[in-house]
Amino acid sequence: MDKNARNDLSVGAEDKASMNAVLDEALVNDISEVLFSQPQIEERVAALGAQISQDYAGKEPLLVGVLRGVFIFMADLVRQITIPIEVDFISISRYGPSRRTQGVVRFTKDLETSIQGRHVLFVEDVIDTGLSLRYILRSLQTREPASLRVCTLFNKPRTRLFELNPAYTGFDLPDRFVVGYGLDYDERYRNLPFVGVLKDGAITEQRLPDVP
Ligand code: IMP
Ligand code: MG
């Protein structure tokens, strides 16, 4: 595509003024700050894809994503991977009174693919407490993959309750609730092309969502 045409289509997320010019106010009014712009994310995802292509050459890895938050990252990441791969998804629900308390995790959609003997790369949007991921990894490990590693776009190392070290991390995040690029609050904001912080007033403890 012509480079200029592409620029016309992409949202200028460099400052709030240009965001507001393009995106509906109902979508951006609750955002206090853009943490990662669309070009910043693109560049980092390209670097992750290049590294994964190099590390998994000859292994035809299976990338497993957890719905729904990961769908945009997964779509962009796989197009930056230059070796043969396969993709599958799971879905989980987590019940608990708040995001900080240990809830019950269960699969609401399991893999379609057998992972026995496969090189599995688990792809996450954000690791917060690590509760969801710990549950998922334990379950996948019992199915005897040849290898099992984690790639997360965002990592909140300061809020971790369980030790988990992703092999690939896009960005470290402060302990703040962020939305956009697939990440939601109450199912909203997933379609923002950048990642931003929700204003404090937009979040109430009672409305904190179950994950993912
Ligand atoms: P964990 O089990 O506490 O690690 O939670 C991970 C899940 O919580 C992610 O897959 C997201 O669905 C959700 N989550 C955690 N932090 C955020 C955030 O800042 N914004 C949106 N979703 C988040
Ligand atoms: Mg969520």
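Order of listing sets the numbers, starting from 1, for every ligand and every atom in it.
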Under a 3.5 Å threshold, yes or no: a donor from one side chain and an acceptor from the other, between [X] and [Y]?
X    : Y    : result
N191 : Y181 : no
S93  : T108 : no
S53  : T82  : yes

[X] heavy atom under 4.0 Å from ligand 1:
X    : answer
V179 : no
R134 : no
D184 : yes
G130 : yes
L133 : no

Set of residues satisfying side chain to side chain contact (heavy atoms under 4.5 Å, CB included) with respect to D30, sequence neighbours excluded =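 Scan of D30 (side chain to side chain contact (heavy atoms under 4.5 Å, CB included), adjacent residues dropped) gives Y189, L198, A202.
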Closest non-hydrogen atom pair between L48 and Y168, with its separation =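 Nearest pair, atom of L48 first, then Y168: CD2-CB, 4.0 Å.
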Below 4.0 angstrom from a heavy atom of [X], which ligand 1 atoms are there? Numbered from 1 as shown, please.
X    : value
K156 : 16 (N), 17 (C), 18 (C), 19 (O)
S132 : 1 (P), 2 (O), 5 (O), 6 (C)
R176 : 19 (O)

Quick one: look at E124 and ligand 1, take heavy-atom pairs under 4.0 Å, and tell me if it's side chain, backbone, both or neither.
->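 Side chain only.
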If you measure every N/O of L183 against every N/O of ligand 1, is any gap under 3.5 Å?
->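 No, since none of the N or O atoms of L183 sits under 3.5 Å from an N or O of ligand 1.
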Looking at residues at least two apart in the chain, or sitting in another chain, which of them share a salt bridge (charged side-chain N to carboxylate O under 4.0 Å, His left out) with R143?
->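 Per chain and number, R143 pairs via salt bridge (charged side-chain N to carboxylate O under 4.0 Å, His left out) with D110.
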The single option from L63, V87, L121 passing side chain to side chain contact (heavy atoms under 4.5 Å, CB included) against I81 =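 Only one option passes, and that is L63.
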